[in-house]
Structure formats: structure tokens, C-alpha cells
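Structure, as C-alpha cells:
First the proteins, then the strands, lettered A, B, ... as listed; each starts at 1.
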Amino acid sequence: MINLKLPDGSVREVEGPIDGLAFAGSIAKSLAKKALAIKIDGKVKDLSTVIDHDAIVEVVTAQTDDGLEILRHDCAHVMAEAVQELFPGTQVTIGPVIENGFYYDFARDEPFKAEDLEKIEAKMREIVDRNEPITREVWSRDEAIAYFKKIGEDYKAELIESIPAGEEVSVYRQGEWLDLCRGPHLPSTGKLGKAFKLTKLAGAYWRGDSRNEMLQRIYGTAWANDNDLKAYLTMVEEAERRDHRKIAREMDLFHLQEEAQGSVFWHPKGWRIWQALEQYVRRRIDEAGYVEVRTPQLLDSKFWEQSGHWGKYRENMFVVPDEVPSTDEDAPVLSGKAKLMAIKPMNCPAHVQIFKQGVKSYRDLPLRMAEFGCCHRNEPHGALHGLMRVRQMTQDDAHIFCTEDQIKGETEAFVTLLESVYDDMGFTDLKVRLALRPEQRVGSDESWDKAEKALEEALNDLGREFTLAPGEGAFYGPKLEFHLKDAIGRSWQLGTLQLDFNLPERLDASYIGEDGGKHRPVMLHRAVLGSLERFIGILIEHYEGKFPLWLAPVQAVVATITSEADEYAEKVAAELRAAGLRVEMDLRNEKINYKVREHSVGKVPAILVAGKREAEENTISVRRLGSQQQQTMSLADVVKSLAEEATPPDLR
RNA sequence: GCUGUUGUAGCUCAGUGGUAGAGCACUCCCUUGGUAAGGGAGAGGUCGUGAGUUCAAUCCUCACCAACAGCACCA
């Protein structure tokens with residue numbers, strides 16, 4: 001007798017060993033039909049797995065996350081089979097499940113074309129209709145290597161070669177097709193269904209290393225049923241409408257152009273958002289005990305050599321020779337012999353220079369030095385992306401010089417400040433990562449131990465959830481990263497806190513301690529918004545351009561119905577401006593329908609309509625963005641309520 | 001930087017081996033209209049750049065540049 005406990009807590013007795021499918025059938029025939037796999041003691045296994053001991057058992061269907069994952073994994077396999085059937089000679093490599101779908105990387109000399117995706121999809125449907133049985137086999141490692149080498153699957157053979165000698169590997173046979181895979185898998189291709197779609201085609205390096213050859217990656221999405229697939233595709237379409245580059249054009253916020261690639265031309269309306277945000281952060285850090293400074297753009301390259309950036313990041317810096325360019329038409333503009341300066345890619349060495357002016361005492365610590373520092377980084381062309389990845393960026397940067405004892409307190413204060421700021425923006429699904437020592441780094445292992453521990457402790461004390469990211473720290477210290485996703489699900493790092501025991505040493509910063517001796521301060525590099533450019537990009541997508549009043553570039557438009565109300569509209573606008581609101585007037589010779597439409601499309605939060613009636617009664621008709629209705633209110637009330645609503649969250 | 005795709009009016013996009021078209025936006029005229037596009041007229045393009053093939057190239061070929069997607073990178 002075997003006792004099997006179900007997720008609902010009930011226990012079923014079965015007579016002897018039973019496989020997953022039979023077990024599902026013993027509960028309900030319909031369940032056997034829907035069963036994709038079986039979860040035994042928390043581990044998902046093939047449906048053919050025999051259960052021979054007491055266990056907690058769950059039948060996995062497409063309605064669960066586990067089931068969807070199997071479905072997507074199988075979809076990748078079916079796609080690989082389809083590709084190899086259609087394009088003989090194509091090698092398979094890896095095909096994992098990702099959020100909402102899967103991909104598979106192929107090696108093939110000729111590139112896949114967009115039209116090929118349809119052909120592959122059609123072939124995939126064919127394979128599903130064939131309902132090929134999928135069976136698991138266990139091979140020895142060496143047997144597997146020999147087999148895949150023989151059939152010309154060099155990448156697969158290489159993958160298996162990295163498995164320790166003597167181990168066994170599992171191979172799944174899917175009809176005629178065969179792939180190395182850990183599994184689990186569906187019992188047959190028919191179970192996959194047809195709620196899948198191949199979405200995009202792209203290059204990807206073999207084993208994620210840019211020194212390796214480039215493979216061709218096909219992305220796809222797969223769901224339990226057609227409705228889910230359709231819902232997902234609709235969601236993606238809607239998300240694309242939130243793209244900050246698109247909304248920025250519609251709202252006239254900024255533009256980018258070839259002649260300054262990666263650097264932003266902020267238009268008046270975009271700059272208003274920037275200003276509202278910068279001034280907000282300035283108030284917040286002021287309150288949190290920071291001092292603001294301003295440091296040079298162009299610095300002698302020796303600072304970057306000392307800081308360690310010159311060696312690792314020189315190729316991403318803009319370097320400028322310190323010489324007078326030649327005015328001789330025939331001579332080269334630059335001699336190539338001059339001393340080099342660099343446009344700063346970060347503010348830290350400059351801040352250390354301020355710290356080093358005069359003698360600092362332990363009484364001066366913690367010293368929180370902030371700068372809305374404009375930095376330039378020569379980012380690779382392929383990395384540039386709207387506001388999210390630019391070459392000229394401004395960070396709400398600060399360096400906290402403190403003692404080791406103060407690290408934890410400062411970290412906690414920073415995280416609290418950051419969360420409060422994000423909260424004011426309405427961001428909720430913040431992901432925190434603790435990035436640990438990379439291979440290439442400076443500083444002793446002891447100082448890294450200390451630094452990593454300090455950050456981890458601070459997070460634990462705050463009770464914050466975070467994930468560890470081994471190997472992803474900065475070269476001078478571990479860092480906390482605060483990530484948010486953009487409209488189409490790409491994750492971006494915004495805020496960060498980096499612990500640094502090294503730079504003060506390298507740039508020789510010191511303070512006099514209580515004991516009268518010289519000590520090294522610790523530096524915390526930190527930014528709440530990260531780059532203002534990126535943060536605004538995320539804000540635009542987050543709000544879909546419909547900013548809360550305090551951030552909206554144009555807070556209200558006064559639109560007239562007839563020219564007889566022009567004078568009154570001027571008065572309304574003047575009163576709103578006097579109350580500190582950003583107001584525009586629309587006195588054009590257009591119908592009110594036209595004006596309402598245009599300002600709605602332009603995402604103006606409040607349209608204030610003035611006609612003859614309003615002018616006579618000293619009222620205004622208010623139509624808020626997103627509403628079909630309007631409300632006539634006295635001018636005084638409108639001014640008061642809009643001014644209140646437009647107050648930044650920290651001043652309320 | 002790598003792979004692929006794209007590049008035609010300010011924007012969104014048609015189109016052709018014989019020097020280009022629509023809608024919106026823009027300008028002017030008519031219209032003063034009560035909450036998501038009133039009507040009419042006009043102006044606007046070296047078809048990304050350079051070279052090649054051709055009697056003739058926006059279209060074909062090559063190179064370059066840029067944008068987009070993904071990968072790699074992100075102090």
C-alpha cells in the first residue's frame with residue numbers, strides 16, 4: 001500500500017507502484033486527459049514516472065505554472081524538430097523556457113528569414129498533429145557525446161562534454177527526433193496544443209560569450225489555450241503603445257538625432273518633467289542631510305588612472321587632448337602628442353577631490369556629497385536605446401564618506417529614502433539585487449567579505465527581499481541594484497548603492513579619527529533615480545504619458561469656445577499661473593471638439609473650457625483626462641483644487 | 001561591438017528601372033462652433049550617404065551611416 005497525499009490535503013491509497021498517468025486517471029478520467037506531468041514531493045517528473053513510495057503528489061496541468069513551463073519547454077523542442085526537418089544541416093544548441101515563452105538557438109550558415117517563421121509554425125502544427133510519443137532514455141555521457149558527434153551536432157556534444165565524466169545523461173526521443181535534455185517533458189507532442197506563436201528572430205552568442213560565434217535565436221510564446229495566447233498578444237500590443245519614444249513624440253518631450261547619437265535634445269515640455277523631478281529629489285536629499293556640489297566635466301586622465309577606470313573602462317570614455325587645435329588648413333587639427341583629459345564618466349574622483357580639500361575630521365562624517373552630475377559614457381552603438389541607455393546622462397549621484405561603523409546605518413537610510421521616493425512615483429514592483437564580487441576586481445578579499453556582509457546585513461535588518469547576483473558587482477565593490485521593468489517587460493537598473501573601500505585608498509582620501517590618527521573613509525556611491533534620463537523613460541512608460549499633475553509638463557489648457565471668451569481665458573490662465581500652475585491657452589479658431597481631442601491626445605491632465613457662459617459667471621468647465629464628463633466650477637475653486645493637486649508629494 | 005531587419009514629406013505609411021503619392025500635421029480663406037477630428041485651397045521630398053551597373057537608378061549591386069529587435073556590454 002502506498003499513501004499519496006494530494007494538494008487539497010486528502011490522501012489516496014493505491015495498491016502498489018503506479019505511474020503518473022494511471023494515478024491521474026484514478027482520480028478522474030478528465031484529469032488523465034489534461035495531465036501533462038506529475039509532481040512528486042515537489043519535483044516535477046514525466047507522466048510516465050512510477051510512484052513507488054508514500055509521497056505528496058500533484059497532477060500537473062496546463063493551468064499551473066509548472067504545466068505552462070513544460071508546455072513552453074516542449075514547444076521549444078517541437079520548434080527545433082520542425083527547424084531541423086525544414087532546414088537539414090541546422091544544428092541545435094539550447095532551448096530554454098523564459099518569461100511568457102521560450103527560445104531555441106540554432107547554428108546555421110544561412111540566416112533565417114521572417115517568412116521562415118510561418119513555415120516553421122506550420123511544421124510545428126504538423127508535428128503536434130502527428131502526436132509523436134516523447135520518451136525518456138538514459139545514456140552514458142560518452143555514448144551521448146559519440147552519438148551527437150556522429151550526427152554532426154557539435155554544439156550538443158560540447159554541452160555534454162562539460163558534464164563530469166562517468167555521469168549519465170537523459171535523452172528525449174520525440175518521434176524520429178532526439179535531443180539531450182534534463183526534462184521533464186509531455187508524454188507526446190499532441191499534448192502541446194496549438195496555442196503558440198513564433199515572435200522574433202535574433203542573433204545570440206554561443207554560451208552567451210561575445211568571443212564565440214553567433215547563433216540564430218528564434219523566440220516564441222506558448223500558452224495553455226488560444227484565449228491565453230490572444231490575451232498575451234493583445235497585452236504586448238498595448239505595451240508597445242506605452243513605448244516612451246513613441247509617447248515622447250506625441251507629447252513633444254524630447255528627440256534624438258544622428259548628429260548627437262545617444263544624447264537627448266530635451267524639448268520644453270520634457271524639460272519641465274525633468275525640472276519637476278530634479279527639484280523634488282533636491283528637496284528630498286536636502287532633507288536627508290546631503291550637501292550639493294558641482295564638479296568639472298573635463299578632468300586630467302590621471303584621476304581615471306588612479307581610480308582604476310582607465311584600465312577597465314577607457315574604451316568607453318570620451319578622451320580629449322589638452323591642446324589648442326591647429327588652425328592651419330593643411331596641418332592636422334590635433335598633434336596627437338598632447339596630454340589627455342577625459343570627459344567624466346562618473347563623479348566619484350571629483351567628489352574625492354572636494355573631500356580632500358582641507359583636513360577632515362571624524363566629526364565631519366558621514367559626509368553626504370551630492371551632485372546632479374552630467375556624465376558621458378561611450379556606450380556601444382547597439383546598446384543605445386531611447387532614454388534608457390544614453391551616452392550623456394545625468395545621475396542624481398552622491399558619495400557618502402563615512403566610517404565602517406556608519407555603513408549599515410547609511411545603507412538603511414538610503415534604502416528607506418529610495419523606497420519613499422519610488423513610492424511617491426507609484427512604483428511598486430521594485431526588484432532588489434545584491435551584486436557580489438566580480439572576477440576582475442581591486443581590493444583584498446577581506447575588504448570584499450566585509451563590504452558584502454555589510455550590505456546584506458543592512459537589507460536583512462530592513463527585512464527587504466533581495467536576490468544575490470554573484471560576479472556582478474562593480475570592480476571596486478559590491479552593489480545594491482534597484483530594478484524596474486519597462487512597458488514591454490525589459491528590466492532596467494535605476495537606483496544603486498555601491499560600497500567602496502578602494503577608491504579612498506587609491507585617491508588618498510583620509511580623515512583624522514578620534515585617536516588623532518589618519519584613517520581611510522569608506523565611500524558609498526549611491527543614486528536614487530539612477531540616470532534622470534532612464535528614470536524619466538520609465539516614468540513615461542509607467543504612466544503611459546498620463547503624468548500625475550505635479551509631474552505633468554502642461555498641467556492645464558484653457559480652451560475657448562468662441563473668441564468672445566478670449567479675454568476671460570487670459571484671466572483664467574493668469575490666475576492659474578499665479579498659483580504656480582503650468583498652463584497653456586488655446587484660443588485658436590477651432591471647434592471645442594477639435595481642441596478637446598487634441599489636448600486629450602496630448603495627455604493634458606486638465607482641459608479648462610471657457611465659453612460665453614463661463615465668462616459671464618466667472619466659472620470654468622473642467623474636463624479631466626480620461627473622463628468623458630465635465631464639471632462647471634467657480635474659477636476660485638478650480639485654482640485652489642488644481643494647485644493642491646499639483647503640489648509635489650513631499651510638500652503635501 | 002555582433003547577428004538580423006529597416007531607411008520615401010514634420011509624423012504614420014503606399015509606390016515605381018523613365019527624377020514620386022495618401023492621411024494627419026503645417027500655411028491661408030470661409031466658419032464663432034458647448035466637450036475626442038467643420039469645409040475649402042495651398043505649400044512641403046536630391047526617396048539615409050557614397051560609389052558602381054544602365055541610355056536612364058528612389059528602385060538593381062557594393063560599401064558606409066543611422067534606427068529598430070535580440071545578444072554581448074553597462075564603472
**Study point:** Residue of the set A/Phe535, A/Tyr543, A/Trp492 for which ring-ring contact (aromatic ring centres under 6.0 Å, His included) holds with A/Phe427
**Key:**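 The passing option is A/Phe535.
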
Give a yes/no on whether any side-chain N or O of [X] is located under 4.0 angstrom from OP1 or OP2 of [N].
X	N	value
A/Asn593	B/U35	no
A/Gln216	B/U3	no
A/Tyr594	B/A25	yes

Review point. When every nucleotide of nucleotides 69-75 of chain B is labelled 5' to 3' by its protein contacts under 4.0 Å (heavy atoms), B for base, S for sugar-phosphate only, - for none, what sequence of letters results?
Key: SBBBBBB

Could you check whether [X] gets within reach of a base, just the sugar-phosphate, or nothing at all, counting any heavy atom under 4.0 Å?
X	value
A/Glu614	base
A/Lys612	base
A/Gln630	base
A/Gln261	sugar-phosphate
A/Arg249	sugar-phosphate

Practice item. Rounded off to whole Å, could you give me the NZ-to-P distance for the A/Lys246 and B/C24 pair? Key: 18 Å

Review point. A/Phe102 ring centre to A/Arg72 NZ or CZ under 6.0 Å, with the angle to the axis within 45°?
Key: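 Output no; distance or angle outside limits.
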
